[in-house]
Protein chains: 2
Amino acid sequence: MQHKSLASVNCPVARSLERVGEWWSILILRDAFKGLKRFDEFQNSLGIAPTMLTRRLNALTDAGLLRRQIYNERPPRYEYVLTPLGQDFRPVLLTLMAWGNRHFFPEGKRIVLVDLNSGAEVDPIVVDRMSGRLIDAAIKSVSVAPSRISKGKMSAGSVARTKSVENKIRRRSAGQRET
Amino acid sequence: MQHKSLASVNCPVARSLERVGEWWSILILRDAFKGLKRFDEFQNSLGIAPTMLTRRLNALTDAGLLRRQIYNERPPRYEYVLTPLGQDFRPVLLTLMAWGNRHFFPEGKRIVLVDLNSGAEVDPIVVDRMSGRLIDAAIKSVSVAPSRISKGKMSAGSVARTKSVENKIRRRSAGQRET
DNA sequence: ATGAGTCACTATCATTATGCAAGTGACTTA
DNA sequence: TAAGTCACTTGCATAATGATAGTGACTCAT
């Protein structure tokens, strides 16, 4: 679909969607957080066509969310694991999950999130880091001159790759993107 | 793209993506949170083809995230405003925005979120409602029998419309979906 | 050591979604 | 009366997707 560039846009939502806005991307990420790593694990879990899976896995890898890790040489077999950038996507997944849980299970059974370590039920909400207060008022993003950064914490392992990742993929044979 | 059903899937992420997984949907929602309401406002803001905008607006309306509100009869002109379900999507947008801000602005300038009321900079994080602790461990969703619901709070204004919203849209002429 | 099976893909092709350009109807304003 | 404005719709070319089938490099059981 020749997705409108969106790349140049100076909006954090748009820039985020460039990496994870494709149909399967977020579902793949969900599975990655569940611990799935291998091609066929994703395929079985998602019922996705292998073509698509290849494309999305490559796109997510190029976008820096996943990393290919070799686990078998001859034949080279890779696992796809979350990078720090990918791990940092967790809050988005949590809020999306919570939203779905709140609204789309009207048929008797309810779905809740459970901490795998403690076993406790969790109910994710979004608050401000400093004040701890719920964020529910209107928000806008504004850009700030670099000098004014005070409580900044530009997290590691990120820095955008390049745009139009999608188009390059099909043209390139696999295996060049080594671990 | 004949998007794989996904409807029957018992996963909150999948069910969420059914409503907002389309390319422009989240961007439209972002603009709706910014206060945009009218067709041409969205069009100017997004640079989206009117065809697409019609489809996405209808899809979001049918999914229950937006509501058409008439503001002019003869000719009937509608505004698209967030429903409670749509408003409740805010946490997802916030975390997505925060993720983008953290990672995709390496070129000097930084973008932060600002509370429109207080003017204070906010840094959205996801915590558990009860404990207030950061959620960063592994999480899974489990379904719970209706009876076991204790601290439940099935929020209002929700309840899913029906599936396969997309396909119906093009077949139907506009104007049947009144306020 | 032969054949079946696994794994991670790639190729091909029909189907579907998207973007673009242009057009429409019902007004409003100059 | 003519020129907008607004919210669309139509048609068509093009790009992305999904289904099915096939491939190469192994492993493993017989």
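Numbered from 1 within each chain, the chains take letters A, B, ... in sequence-line order.
Evaluation of the side chain to side chain contact (heavy atoms under 4.5 Å, CB included) rule for S16(B) yields L96(A), W99(A), F104(A) as partners, not counting sequence neighbours.
Between W23(A) atom CH2 and dT18(C) atom C1' the separation is 15 Å, expressed in whole Å. Regarding F42(B), its CZ atom lies at a distance of 20 Å from the P atom of dT5(D), rounded to whole Å. Rounded to whole Å, atom P of dT17(D) lies 14 Å from atom CG of L46(A). Residue D40(B) contributes atom CG, which lies 8 Å from atom C1' of dT5(D) at whole-angstrom precision. If you take CD of Q43(A) and C1' of dG18(D), they are 12 Å apart, rounded to a whole angstrom. What separates OH of Y78(B) from C1' of dC8(D) is a distance of 12 Å, to the nearest Å. Residue I28(A) contributes atom CD1, which lies 11 Å from atom P of dT17(D) at whole-angstrom precision. Atom CD1 in I70(B) sits roughly 12 Å away from atom P in dC27(C) (whole-Å rounding).
Contact between the side-chain N/O atoms of Y80(A) and the OP1/OP2 oxygens of dC9(C) is found at a separation under 4.0 Å. For the pair R56(B) and dT18(C), the criterion of a side-chain N or O lying under 4.0 Å from OP1 or OP2 is met. W24(A) has no side-chain polar atom (N or O) that falls below the 4.0 Å cut-off from OP1 or OP2 of dT17(D).
Nearest to the side chain of R38(B), among dA7(D), dC8(D), dA8(C), sits dA7(D). Closest to the side chain of Y71(A), out of dC7(C), dC9(C), dG18(D), is dC7(C). Nearest nucleotide to the side chain of R77(A), out of dC9(C), dT18(C), dC7(C): dC7(C). Here the side chain of R55(A) is nearest to one of dT17(D), dA8(C), dC20(C), namely dT17(D). The side chain of E22(B) lies closest to dT18(C), out of dA8(C), dG19(C), dT18(C).
Q87(B) contributes no side-chain N or O that, together with a main-chain N or O of P84(B), makes up a donor-acceptor pair within less than 3.5 Å. Checked by atom type and distance alone, the side chain of T95(B) pairs as donor or acceptor with a backbone atom of V92(B) at under 3.5 Å.
With hydrogens and angles left out, the side-chain atoms of N58(B) and T61(B) include no donor and acceptor closer than 3.5 Å.
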Nucleotide N/O to protein N/O under 3.5 Å, stretch nucleotides 21-24 of chain C:
none

Point to revise | salt bridge (Lys or Arg N to Asp or Glu O under 4.0 Å) between E22(A) and R56(A), worked out | key: CA-CA 8 Å; E22(A) 301 287 342; R56(A) 287 291 90 86; 3.7 Å; yes

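Between W24(A) and the choices I48(A), D31(A), L29(A), the side-chain contact (heavy atoms from CB on, under 4.5 Å) rule is met once, by I48(A).
Counting heavy atoms from C-beta on, the side chains of R55(A) and P50(A) never come closer than 4.5 Å.
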